[in-house]
Amino acid sequence: MHSNLSSARFAIGSSPLGVFAVVASDKGVAAILFGASRPDILADLRRRFEVLPQEDAKGLATLLQQAAAMITDPRRSVALTLAPRGTKFQRQVWDALRQIPPGRTASYADVARRIGSPRAVRAVAQACAANPIAIAIPCHRVVRSDGAAGGYRWGAKRKAMLLAAEAAL
DNA sequence: TATTCCTGTCCTG
DNA sequence: CAGGACAGGAATA
């Protein structure tokens, strides 16, 4: 991961799932990240981007609000232009994830089949873990074939909360 | 139940 | 460059 556009900006907000950041370039949303605290998020941004994006709370206020709305109610999907950086394989996986509607789940094996690599189940899990845009690329909707929730980059607790919120109709 | 193999990417030595 | 780890899972014994 090495998104590195000089135009990248970020803003930090809070949600029921904790502090989060949105990062956007002129090409769209580059990242939505959770963290334990503001410093924790800044450290994550430094790790992910060669050049730390500039903070722009005012310019990204609308986007921040949209992201917060999606986190609060994942069933409400906001149309955002996404610009995640990743390998071809990773983008294939992420595109497949975006086809899983709110309230539904798919197994890692389902996703592997969908992208035409039915045996790449483990690689799919790895690509999910590398997803830089939480919520908007719904990696939390990918669960294990045996019914277990599977892991989550930002903690099993957040995954469980998201799935519970989406299941409640 | 435990082993083995599969897959793509990243990290470490 | 080699080997291990990883948010998994099917096949095999």
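All values reported here derive from a predicted model rather than from experimental measurement. Below, chain A is the first sequence line, B the second, and so on; all start at residue 1.
Rounding to whole angstrom units, CG of residue A:Asn131 and C1' of C:dC6 are separated by 16 Å. Across the protein-nucleic acid pair, A:Arg48 atom CZ and B:dC10 atom C1' stand 14 Å apart, rounded to whole Å. Summarising the geometry, the separation between CD1 on A:Ile115 and P on B:dG8 is reported as 9 Å, rounded to the nearest angstrom. Atom OH in A:Tyr108 sits roughly 17 Å away from atom C1' in C:dA10 (whole-Å rounding). Remark: C1' of C:dA7 and CD1 of A:Ile100 are 14 Å apart, rounded to the nearest angstrom. The distance from atom CG of A:Leu163 to atom C1' of C:dA7 is 13 Å, rounded to the nearest whole Å. Atom-to-atom, CZ of A:Arg113 to C1' of B:dT7 comes out at 15 Å; the value is rounded to the nearest Å.
Closest approach to the A:Thr87 side chain among C:dG9, C:dG8, B:dT9 is made by B:dT9 (side chain taken as heavy atoms from C-beta onward). Of the candidates C:dA7, C:dG9, B:dG8, the closest approach to any side-chain atom of A:Ser145 belongs to C:dG9. For A:Cys139, the listed nucleotide lying nearest its side chain is C:dA7; candidates were C:dA10, C:dA7, B:dT9. Comparing C:dG8, B:dT9, B:dT7 by their closest approach to the side chain of A:Gln90 singles out B:dT9. Taking the side chain of A:Arg122 as heavy atoms from C-beta on, and the options B:dC6, C:dG9, C:dA7, the nearest nucleotide is B:dC6. Comparing atom distances between the A:Gln126 side chain and each of C:dC6, B:dT7, C:dG9 picks out C:dC6 as nearest. Side-chain proximity of A:Asp146 to C:dA7, C:dG9, C:dC6: nearest is C:dG9.
Hydrophobic cluster membership differs between A:Trp154 and A:Val143, with clusters built from Ile, Leu, Val, Met, Phe, Trp and Tyr side chains linked at under 4.5 angstrom. Both A:Phe89 and A:Leu97 belong to a common hydrophobic cluster when Ile, Leu, Val, Met, Phe, Trp and Tyr are linked at side-chain heavy-atom distances under 4.5 angstrom.
Distances shorter than 4.0 Å separate some side-chain N or O of A:Arg144 from OP1 or OP2 on C:dG8.
Minimum interatomic distance between A:Leu163 and A:Arg141 (heavy atoms only, all atoms of both residues): CD2-CA, 4.2 Å. Looking at every heavy atom in both residues, A:Cys139 comes nearest to A:Cys128 through CB-O, 4.1 Å. Considering all non-hydrogen atoms of both residues, A:Arg158 and A:Tyr152 come closest at CB-CE2, 3.9 Å.
Contact annotation: the side chain of A:Ile133 never approaches that of A:Trp94 to less than 4.5 Å [non-hydrogen atoms, C-beta and beyond]. You'll find the side chain of A:Phe34 reaches within 4.5 Å of the side chain of A:Ile71, heavy atoms only.
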Its dot-bracket string being built from Watson-Crick and G-U pairs below 3.5 Å, with | for another strand and [ ] for crossing, DNA chain B has the pattern ||||||.||||||
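Formation of a donor-acceptor pair under 3.5 Å by the A:Lys159 side chain with backbone atoms of A:Val142 is found in this model.
Separating the C1' atom of C:dA7 from that of B:dT1 is a span of 23 Å, rounded to the nearest Å.
Among the atoms of the strands shown, only primed sugar atoms or phosphate atoms (P, OP1, OP2) are found under 4.0 Å from some heavy atom of A:Ala120. A:Phe89 comes within 4.0 angstrom of the backbone, heavy atoms only, and of no base.
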